[in-house]
Amino acid sequence: MPLFQTVGIVAKQGDPERVQRTLHRLVHHLRSHTLEVLLDAEGAHLIGADVGAAVAASELGARCDLIIIVGGDGTLLHAARSMAAYEVPLVGINLGRLGFLVDVSPDAIETTIDQMIAGEFESESRSMLRALVRASERTSEPYPAFNEVAIHKWNTARMIEFETYIDGVFVNSQRSDGLIVSTPTGSTAYALSGGGPLVDPALDAILLVPICPHDLSNRPLVVPGNRRIEIRVLGHDLGHVQVTCDGQTIRQLPPESIVEIARHPNQVRLLHPKGHDHYKILRAKLHWGHNAPATRGPTC
């Protein structure tokens, strides 16, 4: 019996011509292997599927053995948040720009799919975060984040002031444009632009990266992944602060609220082509030196 029998496809929005060409190739190749193919709304629209053929994200997660993302990292982030509870593996065909997460070239669709169907792939699990907003004895629904949770100012030019607690222990108070709380996966995203460190995605860690802090001694902090982070924004700034998960606005903070961030109970399972090398991707995307390592003789 093949590893994958039902394959779901999640398509990028906003680039119809390129996505459409890739979708037709992908669907045709999957069906040539007698695999059942389920499409999200965008994918069904782009290939001209029958009315009602589109499948909701929850059904994709429940029915599929594999989800293929046709798009960029943003499309995969959206799929990861939607599919995490179902533990279905994800693989991405890169039609975006950077492609830290979606690492299958559109030119290699058929070859890569054949290899994965044969069980030739690399698999890894990556952590997520979940954010809660507590206010006036009411707690919001949990919001998932694959890259990061950001607490930041909006609609104002001034800094905001807030306090950070880890497992209930006071860490510091700061004035800044906000704070990025990131997974290791997110260390190559918003946290990187904020001056945070690059963290191997296999590490069990959470990053706290201040955004343009007033005190230049306020540096990024890396803590174990099982820590619970609380951010308490001082009252006079609450009307100018909002919370986002993976760049998607969640809500403006209400009065007397606390943002609680902790490890999500689910993980995201990613599949990569055989021979996947995280550091090779870093070298390519961040334009590090590409010279081959120097040959060294034996050391005494």
Side-chain angles (χ1 to χ4, degrees), residues 57-58 74 77-85 126-187 189-191 193-194 196 205-214 218 220-268:
S58 58
L77 288 173
H78 174 74
R81 293 192 301 270
S82 303
M83 306 294 173
R126 296 198 181 187
S127 62
M128 297 179 65
L129 297 173
R130 63 109 179 96
L132 301 170
V133 178
R134 303 202 311 264
S136 301
E137 301 182 355
R138 296 175 58 187
T139 302
S140 71
E141 63 179 291
Y143 302 110
F146 190 19
N147 269 349
E148 77 281 313
V149 179
I151 298 95
H152 55 95
K153 69 178 187 177
W154 73 288
N155 200 30
T156 181
R158 71 175 186 229
M159 294 182 178
I160 59 175
E161 190 170 353
F162 56 90
E163 298 173 340
T164 301
Y165 294 78
I166 298 179
D167 285 347
V169 177
F170 175 71
V171 176
N172 64 8
S173 59
Q174 63 174 276
R175 295 178 66 239
S176 67
D177 285 355
L179 182 71
I180 303 164
V181 182
S182 170
T183 64
T185 297
S187 70
Y190 192 10
S193 67
I206 297 175
L207 292 66
L208 287 77
V209 181
I211 307 172
C212 300
H214 180 264
N218 197 327
L221 177 65
V222 180
V223 301
N226 62 353
R227 296 295 189 255
R228 176 174 52 88
I229 317 297
E230 288 185 351
I231 310 300
R232 305 180 183 182
V233 180
L234 298 189
H236 60 269
D237 282 326
L238 278 171
H240 303 288
V241 181
Q242 65 183 11
V243 182
T244 60
C245 291
D246 295 341
Q248 304 298 308
T249 300
I250 299 303
R251 63 186 299 174
Q252 180 180 335
L253 284 186
E256 300 181 6
S257 60
I258 297 173
V259 182
E260 180 184 301
I261 304 161
R263 181 167 53 197
H264 196 284
N266 300 112
Q267 291 189 318
V268 177

Please tabulate, for side-chain N and O atoms in residues 169-181, each donor-acceptor pair with protein atoms closer than 3.5 Å (sequence neighbours left out).
residue: Gln174; atom: OE1; partner: Ser176; partner atom: OG; Å: 3.1
residue: Ser176; atom: OG; partner: Gly178; partner atom: N; Å: 3.1
residue: Ser176; atom: OG; partner: Gly178; partner atom: O; Å: 3.0
residue: Asp177; atom: OD1; partner: Lys153; partner atom: NZ; Å: 3.2

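Separation of atoms CG (Leu221) and OG1 (Thr164) is listed at 9.0 Å; rounding is to 0.5 Å. To the nearest 0.5 Å, atoms CE (Met83) and CG (Asn266) are separated by 13.0 Å. Note that CG of Leu253 and OG of Ser140 are 10.0 Å apart. Values are rounded to the nearest 0.5 Å.
Partners of Arg81 by side-chain contact (heavy atoms from CB on, under 4.5 Å), not counting sequence neighbours, listed by chain and number: Leu77, His78, Met128, Pro144, Asp246, Gln248. With sequence neighbours excluded, the residues forming a side-chain hydrogen bond (donor to acceptor under 3.5 Å, both in side chains) with Arg134 are Glu230, Glu260, listed by chain and number. Contacts of Ala262 classified as side-chain contact (heavy atoms from CB on, under 4.5 Å), with partners at least two apart in sequence or in another chain: Arg130. Taking the side-chain contact (heavy atoms from CB on, under 4.5 Å) definition, one finds that Thr185 meets it with Leu101, Arg126, Phe146, Asn147, Thr183, Pro201, sequence neighbours left out. Remark: Ala135 pairs with Pro254, Ser257 by the side-chain contact (heavy atoms from CB on, under 4.5 Å) rule, at least two apart or across chains. Among residues two or more places apart in sequence or in another chain, the side-chain hydrogen bond (donor to acceptor under 3.5 Å, both in side chains) test is passed with Glu163 by Tyr165. Remark: Arg227 pairs with Asp167 by the salt bridge (Lys or Arg N to Asp or Glu O under 4.0 Å) rule, at least two apart or across chains.
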Query - Val209 vs Ser182, side chain to side chain contact (heavy atoms under 4.5 Å, CB included): CA-CA, chis, key distance, verdict - result: CA-CA 8 Å; Val209 181; Ser182 170; 5.6 Å; no
Requested in this report: Any chance you could lay out the side chain to side chain contact (heavy atoms under 4.5 Å, CB included) test for Leu129 and Glu148, step after step, and finish with the verdict?
Outcome: CA-CA 7 Å; Leu129 297 173; Glu148 77 281 313; 5.7 Å; no
Query raised in the report: Please walk me through it: do Ile151 and Ile261 pass side chain to side chain contact (heavy atoms under 4.5 Å, CB included)?
Result: CA-CA 11 Å; Ile151 298 95; Ile261 304 161; 3.9 Å; yes
Report task. Begin from the C-alpha positions of Ile211 and Tyr190 and carry the test side chain to side chain contact (heavy atoms under 4.5 Å, CB included) through to its verdict. Result -> CA-CA 10 Å; Ile211 307 172; Tyr190 192 10; 3.4 Å; yes
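Inter-residue side-chain proximity for His152 and Gln242 is flagged as met; some heavy-atom pair is nearer than 4.5 Å.
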